[in-house]
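Below, each value reflects all heavy atoms present in this structure, side chains not excepted, and no hydrogens, waters or symmetry copies.
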Amino acid sequence: MTAQPNNAGQEPLYETISRVLRHNIVSGRLPDGLVLIEGPIAKLMQTSRAPVQASLRMLNAEGLIHRFRGRGYLVGQASRNLTPIRKPLDEFDFDIPPASRSALAVRGTWLRVYDKVEAEIAACQIFGEFRVIETELANHLGVSRTVARDVLSRLNERGLIRKGATSHWLAGPLTARTLREKFELRSIMEPAALRMATDFIDHSQIARISDQIESGKAKDAAELEDALMRYCLGRAPNSALVEIINNNRLLLSAMDKALSDLGLPVDTVALDQYGTLFHLIGSRQINASTEYLREHLRILSYKSLARLKIVALIPESELIPKYLNKV
């Protein structure tokens, strides 16, 4: 199972989450048939999705919840042919016991600063290879070294940093080869996820996005990329695949944002391509939409390589934080 960083004397975070969910299921607070999805649970417990996914797998192995055709898990045994109940957890008398609440608060400290560090470390990689200084990171965030270590462990899980030969944390560089390999993975996984998600897509939402693109209201390719993930690929009933896709996209999204922040122009062709893609998805042309997505990713790969080459002509950003040292 995937666990969050574990400090001495603390149980893994996924076990704390499992204990809370088990308590609410066994006590009857969460009814049989309720759909459990990692995102809302993670938000409620102020943690990331990875330990929630691990806790759901644990409860599934115990028989308290089970997989079904839709996304997520159903509370109750698989043999009972339950009707899915899709309601938010806050509509039920969901209880987090004081001891678990305290444990979640302590372990959740790293999460409050994680997004900022993730963005900074991902963005720096377009400029080369950097060493991450743990003590400087703690000072930069105003947190303990334990919290900084938890952040670095999570970044390592997501593939954004690695341990070097001297056991130092290293990030980058984002090379042309790395970029090509990530797009190759995208072209394999994302069309497959789109096909799997066909029966679970909210087509009224897709129609609204298509209308926004056609009317010119949607002008940000990055937002459309996120919408494709949220409303289409993320609906695939395979949480492991969705997590891998999210992690693989992370560095690419950070690169695009960093380059846009440096003043590179908006890609209007990409906007047109997203318009076509969402139209095909909305009209339920699954074969055409998966093939078009694959072609879109091929074109995007070439454009991203061209954008990456521009970095060689741009001075290294002065905004790179002090906890990152150029190797």
Side-chain angles (χ1 to χ4, degrees), residues 1-67 71-77 85 87-118 134 137-138 141-161 234 238-240 242-244 246-247:
M1 289 185 178
T2 303
Q4 288 300 311
N6 187 23
N7 300 322
Q10 291 181 329
E11 69 177 356
L13 187 52
Y14 71 87
E15 290 189 359
T16 302
I17 297 170
S18 298
R19 184 152 38 80
V20 173
L21 292 173
R22 190 183 297 109
H23 162 68
N24 282 273
I25 293 170
V26 173
S27 66
R29 287 180 170 84
L30 300 183
D32 287 349
L34 180 67
V35 178
L36 297 179
I37 300 175
E38 63 268 14
I41 297 173
K43 184 176 181 180
L44 183 65
M45 297 199 191
Q46 291 294 292
T47 184
S48 65
R49 295 188 179 204
V52 175
Q53 291 167 350
S55 69
L56 291 174
R57 290 195 293 269
M58 175 184 284
L59 296 177
N60 180 50
E62 294 175 10
L64 291 175
I65 62 177
H66 66 275
R67 283 282 194 186
R71 184 183 172 200
Y73 295 82
L74 291 188
V75 173
Q77 297 178 351
I85 302 171
K87 291 184 178 181
L89 290 175
D90 56 15
E91 288 192 15
F92 302 93
D93 187 25
F94 193 85
D95 177 52
I96 302 179
S100 297
R101 189 179 297 276
S102 176
L104 290 169
V106 171
R107 297 307 306 279
T109 301
W110 70 272
L111 187 63
R112 289 192 284 273
V113 297
Y114 175 81
D115 287 346
K116 170 182 171 62
V117 180
E118 179 186 85
E134 185 178 296
L137 175 60
L141 299 174
V143 300
S144 68
R145 289 189 65 180
T146 298
V147 173
R149 200 170 298 123
D150 279 354
V151 170
L152 294 173
S153 295
R154 175 60 174 158
L155 290 167
N156 182 47
E157 280 183 13
R158 302 198 69 181
L160 279 179
I161 62 175
N238 185 323
S239 59
V242 172
E243 182 181 8
I244 293 171
N246 268 318
N247 288 346

Exercise. Going from OG1 on T146 to CD on E134, what distance comes out if it is rounded to the nearest 0.5 angstrom?
Worked result: 8.5 Å
Problem set entry | Non-neighbouring partners of Y73 that pass ring pair (Phe, Tyr, Trp, His ring centres under 6.0 Å), sequence neighbours left out | none
Exercise. Which residues pass the side chain to side chain donor-acceptor pair (under 3.5 Å) test with H66, sequence neighbours left out?
Worked result: none
Seminar exercise, completed: Taken in chain and number order and not counting sequence neighbours, the residues that satisfy side chain to side chain contact (heavy atoms under 4.5 Å, CB included) with S100 are T16, R19, V20, I96, P97
For this session: Could you check R57 against Y14 for side chain to side chain contact (heavy atoms under 4.5 Å, CB included), going step by step and ending with a plain yes or no?
Result: CA-CA 10 Å; R57 290 195 293 269; Y14 71 87; over 6 Å; no
Exercise. So, for R67 and S239, which heavy atoms are closest and what is the spacing to 0.1 Å?
Worked result: NH2-OG, 3.1 Å
Problem set entry | Full working for side chain to side chain contact (heavy atoms under 4.5 Å, CB included) between V75 and L59 | CA-CA 9 Å; V75 173; L59 296 177; over 6 Å; no
Problem set entry | Distance, nearest 0.5 Å, that separates CG of N238 from CD of E243 | 10.5 Å
Exercise. Looking at side-chain heavy atoms only, is the closest gap between D95 and S27 below 4.5 Å?
Worked result: no
For this session: Indicate yes or no: at least one non-hydrogen side-chain atom of L137 is less than 4.5 angstrom from one of V143.
Result: no
Exercise. What is the distance from atom CG of L74 to atom CG of N60, rounded to the nearest 0.5 Å?
Worked result: 10.5 Å
Donor-acceptor pairs are to be reported for all side-chain atoms of residues 34-45 against protein atoms at under 3.5 Å, with residues two or more places apart or in another chain.
none

Problem set entry | Side chain proximity check, Y114 to V147, heavy atoms < 4.5 angstrom | no
Exercise. Run the side chain to side chain contact (heavy atoms under 4.5 Å, CB included) check on M58 and R22 step by step: do they pass?
Worked result: CA-CA 10 Å; M58 175 184 284; R22 190 183 297 109; 3.7 Å; yes
For this session: Taking atom CD of Q77 as the centre, report whether more than 12 heavy atoms of other residues, nucleotides or ligands fall under 6.0 Å from it.
Result: no
Exercise. If you measure from OG on S18 to CD1 on I25, what distance do you get to the nearest 0.5 Å?
Worked result: 9.5 Å
Exercise. Sequence neighbours excluded, which residues qualify as side chain to side chain donor-acceptor pair (under 3.5 Å) partners of N247?
Worked result: R158
Exercise. Got a second to check how far L21's CG is from I65's CD1, nearest 0.5 Å?
Worked result: 7.5 Å
Problem set entry | Residues forming a side chain to side chain donor-acceptor pair (under 3.5 Å) with D32, sequence neighbours excluded | R80
